[in-house]
Protein chains: 2
Amino acid sequence: MDRTNTPCGLDVALTVIGGKWKPLILYHVQSGPTRFSEIRRRVGGISEKILIQQLRDLVKLKVLLRHDHHCVPPVVDYALTPFGETLVKALAPLCAWGTANRDVVGSMVASASSATERGI
Amino acid sequence: MDRTNTPCGLDVALTVIGGKWKPLILYHVQSGPTRFSEIRRRVGGISEKILIQQLRDLVKLKVLLRHDHHCVPPVVDYALTPFGETLVKALAPLCAWGTANRDVVGSMVASASSATERGI
DNA sequence: GCTAGAACCTACTAAAAGGTAAGTGTGAGA
DNA sequence: TCTCACACTTACCTTTTAGTAGGTTCTAGC
């Protein structure tokens, strides 16, 4: 899915934060370096496989920095890069919008799906 | 995919603008009421089925307003609602971020995929 | 010795999203 | 009459994304 060649920058942004869990990961990592297991606990409901996959994606995109402490048992933490911080800053208004409109959107999603379930 | 019950508002926002084409649709509609065929031409590369699906989603979420002129051959246009405009405003910084970082992200996506293609 | 926890990996499966190709009814222009 | 454009709909297929269930290597604690 190459969405990096359109007039609208949102496509670029969505290649970075698209997916079910990436925004949540970013949200829970912005407070500072966070360990893998800590992210998993905070996010909740995510499988390890998916979490690793998404973290790797974000590292490849240079949004997150992976810091392996090279000890046994393993200790690894993830933190925002400066680039990642610019992204999080750009994300803030959208996050606020979502928070302000959670109930509105939630009820509309619910009514839309119940309507289609009833075949309307 | 219910993402409307998390501490982070981004999930709410992504239920609205998630998907391959929605941001692009929003982008091309923000200038004023736009006809279906005009949106299709502007977006480019989208199939009619998907465009209709996405437009319907956005109408259900009360982000867009569908105006059917009830004439034959059919004339229908889509415009942002006031609610949709608050969303577009919240989206602006992210859009700017994407535009500013298109080349950076694009090259990183490219190098990441070529790396995996080579089995690295 | 046995278990738990750390941070992963691998195969397989399920669900969601997107895409293709066809068809609908109508009227204006060639 | 024939075709085109309009705004869709339907059935079917492919791709992408997410989830499940197992395994690995190592150490500390019981």
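Labels below follow one simple rule: chain letters A, B, ... track the order of the sequence lines, proteins then strands, and each chain is numbered from 1. Small disclaimer: the values here were computed from a predicted structure and weren't measured. Every heavy atom of this structure was used, including side-chain atoms; hydrogens, water molecules and symmetry mates were not.
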Undergrad: For B/Ile52 and C/dT20, what is the distance between atoms CD1 and P respectively, to the nearest whole Å?
TA: 15 Å
Undergrad: If you apply the rule side-chain contact (heavy atoms from CB on, under 4.5 Å), what do you find for B/Leu61 with B/Thr15, and how did you get there?
TA: CA-CA 10 Å; B/Leu61 289 165; B/Thr15 66; 5.6 Å; no
Undergrad: Measure from CG on A/Asp11 to P on C/dG18 and round the result to the nearest Å.
TA: 12 Å
Undergrad: State whether B/Tyr78 places a side-chain N or O below 4.0 Å from either non-bridging phosphate oxygen (OP1 or OP2) of D/dA7.
TA: no
Undergrad: Expressed in angstrom and rounded to an integer, what is the separation of A/Leu14 atom CG from C/dA17 atom C1'?
TA: 14 Å
Undergrad: What is the distance, to the nearest angstrom, from the CD1 atom on B/Ile50 to the P atom on D/dA7?
TA: 18 Å
Undergrad: D/dA7 phosphate, OP1 or OP2: any side-chain N/O from B/Lys49 under 4.0 angstrom?
TA: no
Undergrad: I'd like to check the ring pair (Phe, Tyr, Trp, His ring centres under 6.0 Å) partners of A/Tyr27; sequence neighbours left out, ordered by chain and number.
TA: none
Undergrad: Salt bridge (charged side-chain N to carboxylate O under 4.0 Å, His left out) with A/Arg41: which residues, sequence neighbours excluded?
TA: A/Glu38
Undergrad: Output the distance between atom CZ (B/Arg40) and atom CD1 (B/Ile46), rounded to the nearest 0.5 Å.
TA: 10.0 Å
Undergrad: side-chain contact (heavy atoms from CB on, under 4.5 Å), that's the test. Do A/Val105 and B/Phe83 meet it? Break it down for me.
TA: CA-CA 11 Å; A/Val105 173; B/Phe83 180 62; 4.2 Å; yes
Undergrad: At a heavy-atom distance below 4.0 Å, what parts of residues 32-46 of chain B sit against DNA chain D?
TA: B/Arg35, B/Phe36, B/Ser37, B/Arg41
Undergrad: Tell me, please, which residues at least two apart from A/His69 pass ring pair (Phe, Tyr, Trp, His ring centres under 6.0 Å).
TA: A/His67
Undergrad: Which residue in the set B/Leu26, B/Leu94, B/Leu24 passes side chain to side chain contact (heavy atoms under 4.5 Å, CB included) when paired with A/Leu10?
TA: B/Leu94
Undergrad: Which is it for A/Trp21 and A/Val43 under the side-chain contact (heavy atoms from CB on, under 4.5 Å) test, yes or no, and what are the steps along the way?
TA: CA-CA 8 Å; A/Trp21 301 104; A/Val43 172; 3.6 Å; yes
Undergrad: Could you work out, with side chain to side chain contact (heavy atoms under 4.5 Å, CB included) as the rule, every residue matching A/Asp103, not counting sequence neighbours?
TA: none
Undergrad: In residues 64-74 of chain A, what residues come within less than 4.0 Å of DNA chain C, judged by heavy atoms?
TA: A/Arg66, A/Pro73, A/Pro74
Undergrad: Both A/Glu48 and B/Val75 contact DNA chain D. Taking the nearest nucleotide for each, which residue is further toward the 5' end?
TA: B/Val75
Undergrad: Taking only N and O in the side chain of A/Gln53, is any of them less than 4.0 Å away from OP1 or OP2 of C/dC8?
TA: no
Undergrad: Take the protein atom CG of A/Leu51 and the nucleotide atom C1' of C/dC8, then report the distance between them rounded to whole Å.
TA: 11 Å
Undergrad: Can you measure B/Asp77 atom CG to D/dC6 atom C1' for me and round it to whole angstrom units?
TA: 13 Å
Undergrad: Let me know the distance between CD of A/Gln54 and P of C/dC9, rounded to the nearest Å.
TA: 14 Å
